[in-house]
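Chain naming here is simple, since letters A, B, ... match the order of the sequence lines and numbering starts at 1 in each.
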Amino acid sequence: MSEASAADTPPHRYTAAVANEIEARWQRRWADEGTFRAPNPTGPLADPGHPRAGAPQMYVLDMFPYPSGAGLHVGHPLGYIGTDVYARYQRMAGHNVLHAMGYDAFGLPAEQYAIQTGTHPRATTEANIARYAAQLRRLGLAHDDRRTVRTMDPAYYRWTQWIFLQVFGSWYDPQARRARPIADLVAEFAAGTRPTPDGRPWAELPEVDRRRLVDDHRLAYVSEAPVNWCPGLGTVLANEEVTADGRSERGNFPVYPRKLRQWMMRITAYADRLVEDLALLEWPEAITAMQRHWIGRSTGAHVDFATDAGPVRVFTTRPDTLFGATYLVLAPEHPLVDALTADAWPAGVPAVWTDGHATPAGAVSAYRAFAAAKSEVERQADAKEKTGVFTGGYAVNPANGARIPVFIADYVLAGYGTGAIMAVPAQDARDWEFAQAYALPIVRTVAPPEGFDGEAFTGEGPAVNSSDERTGLRLDGLGVAQAKAAAVAWLEETGHGVGAVSYRLRDWLFSRQRYWGEPFPIVYDETGLPVALPESMLPVVLPEVEDFAPRTFAADDAASSPETPLSRAGEWTEVELDLGEGPRRYRRETNVMPQWAGSCWYEMRYLDPTNDTAFVDPQAERYWMGGAHPGVDLYVGGAEHAVLHLLYARFWHKVLFDLGHVSHPEPFRRLVNQGMIQGPAYTDGRGQYVEAARVVERGGAFYLGDEEVRREFGKIGKSLKNVITPDDFCTEYGADTFRVYEMSMGPLDASRPWETRAIVGSYRFLQRAWRAVVDEESGALRVTDAPADEKLRRLLHRTVDGVRADYAALRFNTAVAKLIELTNGLTQLAATPREVAEPLALMLAPLAPHVAEELWHRLGHADSLAYAPFPTADPALLVDDAVTYPVQVNGKVRGRVEVPADAAEEVVRAAALAAVADQLAGAAPRKVIVVPGRMVSIVR
RNA sequence: GCCCCUGUAGACCAACCGGCAGAGUCGGUGGACUCAAAAUCCAUACAGUGUGGGUUCGAAUCCCACCGGGGGCACCA
């Protein structure tokens, strides 16, 4: 802007400078007056004199951010602004609205950033949080400032640790279908009402055995199991943190399957409830589908195959195909592999089965090494080509007594089902491929339809080759479903197996070999078994260490082993504590919790953030999360958390519900995923991304200097070099313009490209609204107390009616359109009637709160409009006196008639027939359809 | 490979239970203001709804097939 042009601008126009002044002033006032503090029913956050004390409550929540080093870009605030508009609207509409913001401060991203910059993660995280907070404040978000939380603060993670102790201190009772305190389990063992696994009386078990037995039942437990080891990050990862192509979601490093001793959470115990309770939720179909699929419940049977090494139990969804099981396959890591491996190859073994090894032991150990060295990426890339090796051992098919070979192969996963399968090549494509490669027999047990020329047949058909008089299993002729039922019944009668359910979901790997996370409230005594610290010792504060970086390795160093940073803090690790048996030496757990821990319950801490005797006061919990519609009333966040945060948080909430700490089994009743804003990104001739900020448009093409570059739209971020920050737009246009623009681009849940130049439309709109109230030359009010004319008044009431409905339904884009329409109806007037100006300011407030407050103030109101009643429409002004009906003849509009709005159907019909009489040429129409208020359709 | 979502003016989007394809924004064009320009204001044109079928008096909307775009899962027995 040149000096000359600045001089030309009317002095009281709504410019960016004016907007910025207004915005800073109102933000200060809101903060000073605590405008957006929502009262609790009791406790330190109660306020009986508050305008919404005792009003119906509403809980609006955003997925809180990780404060990354890059700050907010224009995509982040979309959801935050959306919830803010909704919350401000509901507050004006009479609700006591809780809306707060916190920070997910622990975890990999913050720590990786800290390592890159060589600073302590606390320092970088705090700096990042300060930057985020400033950016958010500038957007004018109406958060209750008293309720902010940071997961890295000891006052917060004390309760994360406390919840961990609740999980550790409980077990899942499958009969009761809920978690119960571990003391109940001990009591049952002690009373003999629950037998110990080996039948010895509880009283006779040595103390260590008792503890092991109890520990095996806990919802948080230590186990040695196959996990995802990521050398590049130096830590293990949960399944949910590994992408479909077998790399770490953070950092994109390869992940290796590795058997390690780790903390797990028994989320699988809740698998059925996590599926069933999705029915209680108003969530996008896509998210519930993803959760259902991730849990992956499948029904079938466990079948035991006798071997020299004892029975091998397999899981199958097709017990009806038992007769077609011509070999068994075990995962290379299966515990029975060593026992099954023969001393020597049986006579006449095909060469492909041995892979050229002289002994089965040699072949097995070579294959195991081969499989273990493969990353997930490689394993999946090799999926087409089946590999495996014969163990030299055999099993007996219980259906017909056939002696079948036992293989190991990496197409069988150790972590799913029992880690062993019965291979039925005729009915399973994977088994077919393997059978082809290893020359194994194929027996059809489901008859494919006439003319079927495929390989494995997985469809419906009658069972064949599936009866044996000796064993009594007769399935021939049965359809798949009947045959399954008959096979399961036979398995259970004969003791060869049992109907079973398996889940894709696996227990949640809960420990990380990192520094920046919650320490476990766990120590180990001389037995090496975990001991929970008492509540009185919480929080276990994360110690300061010289070197907070985890030991990382070459990303492809599959043989490396994790090393926790806390294990280097010797003084902290080795402690003397009195846990009731006098002072003794203990060793602390040196893993930390995964970053999801803190976000599993933050929605409850907002309810009662200052409580230091409970994670949340039960009354506050019941007030905000209970009632006729329990749970968070609106939760907005990205779809990328579909199976991470949202699954973990539901699990923790259910445990807390079972133990009586919360009043309802689900935390987030209504979920909306905000869309992703995609930014323009540019590639040069080599296909490399170039700094988007330096690209200019000339004549419809894009240039970096003199070189033409190609534009595409993609996820905003460092990798595409296209970060656009909200700050620039706040400076150039004002936060209100930015808010209106983001909301007007489309529905909240739709992704859309960011188009910088289009923002001026929102800017002009606010200028027109401003100009309708304030004279640009003098700054005086342009408002008259004279009444609005009939047409304008009707427009106003239609707008009020529509905007209310749009806000309530999160249709902010159409609310903006209606407000623009109303504003455009004012631009030609010499003065704006107050009866329109005031509701306009109020209706504008959720979207553009600063300018709305300023207009409201200038219209003579001393108080903030945050609690002013939202305008209501007069129903009488919503219906027009007359209605124009289009008249269709054979589907084409041939005429129009205007009739009174309350005209009877016969009147409309007669008028319509008269209007198109020439079309009908005197003939009686075959059919006349009158759609009241809409149209008339005539069939000739 | 399997599952889900989605295709409307040049772009972003409206169109509620099937009822006149257009609320709004950008951009285009013309005009006002200006010495000129920017900014601002005013006025305009532009699609028959991805394609092909079907149901219906009537389809952007419902059904089927195909094509394009996006997302999820992917050796889960």
With C1' as the reference atom in both, quote the distance from B/A38 to B/G69 in angstrom, rounded to an integer.
39 Å
Between A/L819 (CG) and B/C13 (P), how many Å, whole number?
20 Å
Heavy atoms under 4.0 Å, any strand shown: does A/V889 hit a base, just sugar-phosphate, or nothing?
nothing
Both conditions, 6.0 Å and 45 degrees, for the charged tip of A/K386 above the ring of A/Y411: are they met here?
yes
Kindly indicate whether the side chain of A/Q888, heavy atoms from C-beta on, has any atom under 4.5 Å from the side chain of A/V936.
no
In whole Å, what is the span from the CG atom of A/L822 to the C1' atom of B/A23?
13 Å
Any side-chain donor paired with an acceptor under 3.5 Å for A/T445 and A/Q427?
yes
Which value, in whole Å, describes the distance between the P atoms of nucleotides B/A14 and B/U6?
12 Å
Side-chain N or O of A/R764 less than 4.0 angstrom from OP1 or OP2 on B/C26?
yes
With the side chain defined as heavy atoms from C-beta on, A/T316 is closest, among B/A23, B/C4, B/A77, to B/A77
Whether A/F738 and A/W754 hold their rings parallel, tilted or perpendicular, with breakpoints at 30° and 60°
tilted
What nucleic acid atoms does A/A758 come within less than 4.0 Å of, heavy atoms only: base, sugar-phosphate, or nothing?
sugar-phosphate
For the C1' atoms, the ones on B/A59 and on B/G19, what distance do you get once it is rounded to whole angstrom?
10 Å
Give a yes/no on whether any side-chain N or O of A/R757 is located under 4.0 angstrom from OP1 or OP2 of B/A11.
no
Going by distance alone, is a donor N or O of one side chain under 3.5 Å from an acceptor N or O of the other, for A/Y367 and A/T387?
yes
Using the glycosidic torsion, which applies to B/C5: syn (within 90° of 0) or anti (everything else)?
anti
Under 4.0 Å, counting only non-hydrogen atoms across every strand here, what does A/V816 touch: a base, just sugar-phosphate, or nothing?
nothing
Return yes if a side-chain donor-acceptor contact under 3.5 Å exists between A/T814 and A/D806, otherwise no.
yes
Can you tell me the Watson-Crick or wobble partner of B/A74, both distances under 3.5 angstrom?
none
What distance, rounded to whole Å, do you find between the two C1' atoms, one in B/C12 and one in B/A74?
35 Å
Can you figure out which of B/C12, B/C42, B/G27 approaches the side chain of A/T827 most closely?
B/C42
In whole angstrom, what separates A/L847's CG from B/G24's P?
17 Å
Starting from the 5' end of RNA chain B, give me the residue, A/T317 or A/E285, whose nearest nucleotide shows up first.
A/E285
Given that A/R811 and A/R13 both sit by RNA chain B, which one's nearest nucleotide is further toward the 5' end?
A/R811
Atom-pair distance (CZ on A/F812; P on B/A14), nearest Å:
13 Å
Please give the distance between the C1' atoms of B/A36 and B/G50 as a whole number of Å.
47 Å
Between B/A77, B/C12, B/A14, which nucleotide has the shortest distance from any of its atoms to the side chain of A/S298?
B/A77
Taking the P atom in each of B/G70 and B/A65, what is the distance between them to the nearest angstrom?
22 Å
Phosphate OP1/OP2 of B/A23: any A/K818 side-chain N/O under 4.0 Å:
no
Between A/S744 and B/C13, is there a side-chain N or O to OP1/OP2 distance below 4.0 Å?
no
Where does B/G53 fall, syn or anti, if syn means a chi angle no more than 90° from 0?
anti
A/W294 side-chain proximity, nearest of B/G27, B/A74, B/A14:
B/A74
Which part of the nucleic acid, if any, lies within reach of A/M290 when heavy atoms closer than 4.0 Å are counted: base, sugar-phosphate only, or nothing?
sugar-phosphate
When A/Y327 is tested against each of A/F434, A/F305, A/Y438 for ring pair (Phe, Tyr, Trp, His ring centres under 6.0 Å), which residue passes?
A/F434
Expressed in angstrom and rounded to an integer, what is the separation of A/E640 atom CD from B/G72 atom P?
10 Å
Which whole number of Å gives the distance between the P atom of B/C62 and that of B/C5?
12 Å
In whole angstroms, the gap separating P of B/A39 from CD of A/E776 amounts to 15 Å
Name the closest nucleotide to the A/R504 side chain, picking from B/U40, B/A14, B/C73.
B/C73
Distance check, P atoms only: B/G68 and B/A77, in whole angstrom units.
30 Å
With a 4.0 Å cut-off on heavy atoms, is A/P747 in touch with a base, just the backbone sugar-phosphate, or nothing at all?
sugar-phosphate
How is A/I929 classified with respect to the nucleic acid when contacts are heavy atoms under 4.0 Å: base, sugar-phosphate, or nothing?
base
If you only use heavy atoms from C-beta on, which nucleotide in B/C12, B/C75, B/G24 is closest to the side chain of A/N824?
B/G24
Which part of the nucleic acid does A/D410 contact within heavy-atom distance under 4.0 Å: base, sugar-phosphate only, or nothing?
base
Starting from P on B/C12, measure out to CG on A/N813 and report it in whole angstrom.
14 Å
Closest nucleotide among B/G27, B/A14, B/G19 to the A/T814 side chain:
B/A14
Searching all strands shown, indicate the nucleotide that pairs with B/A39 (Watson-Crick or G-U wobble; both distances under 3.5 Å).
none
Under 4.0 Å, heavy atoms only, any strand: does A/R506 hit a base, just the sugar-phosphate, or nothing?
base
A/R768 side chain near B/U25 phosphate (N/O to OP1/OP2, under 4.0 Å)
yes
Nearest to the side chain of A/Y763, which nucleotide is it out of B/C20, B/U40, B/A77?
B/U40
Atom CD1 of A/I759 and atom C1' of B/C12: how far apart are they, to the nearest Å?
14 Å
Could you please name the option among B/G58, B/C26, B/A74 that lies closest to any side-chain atom of A/Q888?
B/G58
Any ion pair linking A/D304 and A/R313 (charged N to carboxylate O, less than 4.0 Å)?
yes
Give one of base, sugar-phosphate or nothing for A/T884, where a contact means two heavy atoms less than 4.0 Å apart.
base
With respect to the side chain of A/F315, which nucleotide from B/C57, B/A77, B/C42 is positioned closest?
B/A77
Plane angle bin for A/F812 and A/Y807 - parallel if under 30°, tilted between 30 and 60°, otherwise perpendicular:
tilted
